[in-house]
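Notes follow once the structure below has been shown.
Remember, it's 1-based here, ligands and their atoms both numbered in the order they're listed. Just so it is clear, the model here is predicted, and its values are computed rather than measured. Side chains included, hydrogens not; waters and symmetry mates left out as well; all remaining heavy atoms used.
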Amino acid sequence: MRFLNTPTSDLTYNDVFLVPASSRVTSRFDVDLTPRDGTGATIPLVAANMTAVTGRRMVETLARRGGLGILPQDIPLDVIAEVTSWVKNRSPRFETPVVLGAEDTVHDALGIMHKRPHGAVVVCGPDRAYRGVVLAADCTEVDRFTQLGTIMRTDAPVFSLAEVSARSGEDVLAAAYDRLTQTRAHVAPVLDGDTVVGVLTRKGTVRSTIYTPALDGAGRLRVGAAVGINGDVRGKARALLDAGVDVLVVDTAHGHQRKMIEALGQVRAAAPDVPVVAGNVVTADGVQDLVDAGADIVKVGVGPGAMCTTRMMTAVGRPQFSAVLECAEAAAGLGRHVWADGGVKHPRDVALALAAGASQVMVGSWFAGTHEGPGELNVDADGRAYKESFGMASTRAVRERTRGEGAFARARKGLFEEGISSSKMYLDPERPGVEDLVDQITAGVRSSMTYAGATSLEQFAARAVVGIQSASGYEEGRARPVSWS
Ligand SMILES: NC(=O)C1=CN([C@@H]2O[C@H](COP(=O)(O)OP(=O)(O)OC[C@H]3O[C@@H](n4cnc5c(N)ncnc54)[C@H](OP(=O)(O)O)[C@@H]3O)[C@@H](O)[C@H]2O)C=CC1
Ligand SMILES: Nc1nc2c(ncn2[C@@H]2O[C@H](COP(=O)(O)O)[C@@H](O)[C@H]2O)c(=O)[nH]1
Ligand SMILES: [K+]
């Protein structure tokens with residue numbers, strides 16, 4: 001990457017723009033988004049290890065489209081083991097159905113339908129034997145105690161595994177899309193015999209022609225998990241590996257500290273064969289020390305997060321674009337990589353982090369506001385759906401993390417609050433699922449890369465020309481949904 005004009009101060013995403021360059025890339029589909037950092041991801045997007053962001057559905061859904069989800073360090077190890085096994089038993093190809101029985105009620109259906117964006121419940125008998133489908137539209141104007149067996153659609157389209165299991169032939173998926181369109185269905189169960197093995201959606205058929213799942217050596221979806229720097233770090237790392245976790249993230253607010261170096265050494269020793277990510281830092285010195293201690297990937301970002309009050313509390317941090325740029329250059333010099341963590345609000349921010357040399361970009365709160373986010377779906381006074389997000393250094397998270405400790409110790413730890421305990425992340429009505437956001441982000445990044453004449457992330461970071469802009473330059477780039485005069 002090179003600057004168009006020389007910066008005189010540190011910069012964040014809003015301060016910069018990408019300059020178009022002569023390009024030989026004729027299609028945005030010719031762009032390869034695979035990060036080459038050893039993590040097995042095929043798109044450069046990671047869901048943050050935050051309680052409000054990443055749970056089983058986030059990990060599963062992202063991995064199916066090639067991204068990684070990192071389970072937070074506050075989740076008990078037995079739960080991580082259960083979630084990892086659950087994810088690894090999901091289909092890498094078909095979406096997971098929401099399943100209920102014929103005796104379950106409309107009330108039950110409405111309570112869980114929103115867990116998935118496809119808005120359908122598949123009604124099954126014993127052993128997942130297919131009975132019918134209930135859509136959200138079928139649940140209006142009926143009593144909430146109506147049993148699903150009485151309203152389910154039994155004539156909805158279904159696909160047999162034999163029809164759609166052939167490895168990602170675009171023609172097969174296009175035909176499935178056409179059939180769904182002709183039958184005016186958005187979603188259809190996939191059956192092995194009469195057993196439901198997944199659902200296929202119109203959008204899903206298109207996505208399966210664009211994305212490649214992030215799979216482990218046995219062809220199962222990949223799972224990441226974080227470990228903190230306190231307690232029996234080596235034991236926790238071993239337990240995560242035994243649970244089948246594929247990527248370990250050693251994570252603390254101030255990653256450039258002795259305790260982190262020691263913890264990282266222990267994780268490295270316990271996990272010689274899996275990618276180890278460590279952070280957070282914002283300087284080349286920080287990168288050097290974490291790489292020396294065994295990190296394959298260094299996580300960059302202090303203070304840019306949407307839930308984060310660190311900069312207001314401490315004045316510590318660094319504008320994120322400059323932090324990523326300096327750290328990525330340092331990591332490249334050591335044959336390692338960085339993940340840009342925090343502050344992503346638009347697809348352009350991801351493109352800029354990649355142009356600055358990050359191998360992947362971690363997204364937190366933006367992903368919290370999706371069907372796959374672990375939070376409860378709430379509706380505000382204006383009828384807008386949202387989920388809550390909160391920081392991992394907030395009072396709420398610290399209280400949860402220190403639950404097993406004495407009241408006095410908890411009171412002492414509660415003093416150091418560097419995150420907000422509640423915020424509303426609205427679901428975008430046009431993009432309520434995390435895959436919708438992934439579509440939007442990767443479309444933006446693919447386009448950025450063709451503007452720069454790059455077909456790989458390495459080429460993009462090498463060719464990108466970045467200019468510095470004023471606040472009005474940034475503002476000019478925004479759309480005007482209402483007239484201005
Ligand atoms: N990227 C960012 O900007 C930030 C991210 N976070 C996130 O919050 C979560 C919790 O992290 P964290 O608060 O580090 O908690 P951890 O549970 O990881 O503990 C941090 C350890 O480091 C010690 N420590 C020393 N200096 C600091 C410091 N300035 N800030 C925090 N701890 C320090 C603490 O000791 P003692 O308590 O005795 O001081 C404690 O032992 C993580 O997921 C982290 O990523 C939190 C803040 C900033
Ligand atoms: N200073 C704090 N940083 C936090 C806290 N919780 C999470 N984080 C960091 O934010 C990113 C995600 O950023 P986002 O803008 O995408 O939401 C996450 O990965 C952490 O590094 C916190 O309480 N305080
Ligand atoms: K912030």
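- Protein heavy atom in closest approach to atom 13 (O) of ligand 2: G342 CA, 3.3 Å.
- Contact annotation for atom 34 (C) of ligand 1: protein absent (non-hydrogen atoms, distance under 4.0 Å).
- Where the criterion is an N or O separation shorter than 3.5 Å, residue side chain and backbone included, K259 meets it with respect to ligand 1.
- For atom 19 (O) of ligand 1, a protein non-hydrogen atom is found at a distance below 4.0 Å.
- Protein non-hydrogen atoms do reach within 4.0 Å of atom 24 (N) of ligand 1.
- Atom 10 (O) of ligand 2 has its closest protein heavy atom at G305 CA, 3.7 Å.
- Atom 1 (N) of ligand 1 has G301 O, 3.0 Å as its closest protein atom, hydrogens excluded (heavy atom only).
- To the nearest 10 degrees, the angle centred on the K ion (ligand 3) between O in G305 and O in C308 reads 90°.
- The contact set between ligand 2 and A48, taken as ligand atoms under 4.0 Å from a residue heavy atom, comprises 19 (O).
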Requested in this report: Could you walk me through whether N49 and K299 pass side-chain contact (heavy atoms from CB on, under 4.5 Å), step by step?
Outcome: CA-CA 12 Å; N49 47 302; K299 198 150 71 73; 4.1 Å; yes

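- The protein non-hydrogen atom at the shortest distance from atom 19 (O) of ligand 2 is D341 OD1, 2.5 Å.
- Backbone and side-chain nitrogen or oxygen atoms of D251 are examined, and one is located within less than 3.5 angstrom of a nitrogen or oxygen of ligand 1.
- Close approach of ligand 2 to S365 (heavy-atom distance below 4.0 Å) involves ligand atoms 14 (P), 16 (O), 17 (O).
- Side-chain contact between D380 and Y426: present, with at least one pair of heavy atoms (C-beta onward) separated by less than 4.5 Å.
- Proximity to A306 (heavy-atom distance under 4.0 Å) selects the following atoms of ligand 2: 14 (P), 15 (O), 17 (O).
- Nearest to atom 23 (O) of ligand 2 among the protein's heavy atoms is A393 N, 2.6 Å.
- Every heavy atom of G228 sits 4.0 Å or more from the atoms of ligand 1.
- Checked against a 3.5 angstrom limit, the closest N/O atoms of N230 and ligand 1 fall inside it.
- By the criterion of a heavy-atom distance under 4.0 Å, neither the backbone nor the side chain of T314 is placed next to ligand 1.
- Atom 38 (O) of ligand 1 lies below 4.0 Å from none of the non-hydrogen atoms of the protein.
- Between G303 and ligand 1, at least one N/O pair is under 3.5 Å apart.
- Taking distance alone, with nitrogen or oxygen atoms compared against 3.5 Å, E418 approaches ligand 2 more closely than that limit.
- For G303, the nearest N, O or S atom to the K ion (ligand 3) falls under 3.4 Å.
- Heavy atoms of Q73 come nearer than 4.0 angstrom to ligand 1 in at least one pair.
- Within a 4.0 Å radius of atom 8 (O) of ligand 1, the protein contributes one or more non-hydrogen atoms.
- Donor-acceptor pairing under 3.5 Å is lacking for the side chains of H256 and D285.
- Remark: ligand 1 and Q257 share an N or O pair separated by less than 3.5 Å (distance only, no angle test).
- Listed by number with element, the atoms of ligand 2 under 4.0 Å from a non-hydrogen atom of G343 are 13 (O), 14 (P), 15 (O).
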**Report entry** Chi angles and distances behind the side chain to side chain donor-acceptor pair (under 3.5 Å) call for Q440, D436
**Finding:** CA-CA 6 Å; Q440 185 192 26; D436 300 320; over 6 Å; no

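- Using a distance-only test at 3.5 Å, with no hydrogens or angles considered, no donor-acceptor pair links the side chain of R65 to the main chain of Y211.
- Contact annotation for N280 and ligand 1: only side-chain heavy atoms (C-beta onward) come within less than 4.0 Å of the ligand.
- In R401, the part holding a heavy atom less than 4.0 Å from any atom of ligand 1 is the side chain.
- When each atom of ligand 2 is checked for a heavy atom of M362 under 4.0 Å away, the hits are 19 (O).
- Considering backbone and side-chain atoms alike, A253 places an N or O below 3.5 Å from some N or O of ligand 1.
- Listed by atom number, the atoms of ligand 1 under 4.0 Å from V302 heavy atoms are 3 (O).
- Within a 6.0 Å radius of OH in Y451, no more than 12 heavy atoms belonging to other residues, nucleotides or ligands are found.
- Among all protein heavy atoms, the one lying closest to atom 3 (N) of ligand 2 is C308 CB, 3.3 Å.
- Near N280, meaning under 4.0 Å from any of its heavy atoms, are these atoms of ligand 2: 21 (O).
- Of all protein heavy atoms, the one lying nearest to atom 16 (O) of ligand 2 is G364 N, 2.7 Å.
- Among the candidates R399, R412, K413, the single residue satisfying the salt bridge (charged side-chain N to carboxylate O under 4.0 Å, His left out) test with E405 is K413.
- With ligand atoms numbered from 1 in the order given, ligand 2 contributes 23 (O) to contacts under 4.0 Å with heavy atoms of S394.
- At the shortest separation from atom 6 (N) of ligand 2 among protein heavy atoms lies M392 N, 2.8 Å.
- With 3.5 Å as the limit, one finds a donor-acceptor pair spanning the side chains of D37 and T39.
- Remark: of the listed residues V434, V87, L71, V434 is the sole one forming a side chain to side chain contact (heavy atoms under 4.5 Å, CB included) with M58.
- The shell of residues lying under 4.0 angstrom from ligand 1, judged by heavy atoms, excludes K413.
- At least one N or O atom of T310 sits closer than 3.5 Å to an N or O atom of ligand 2.
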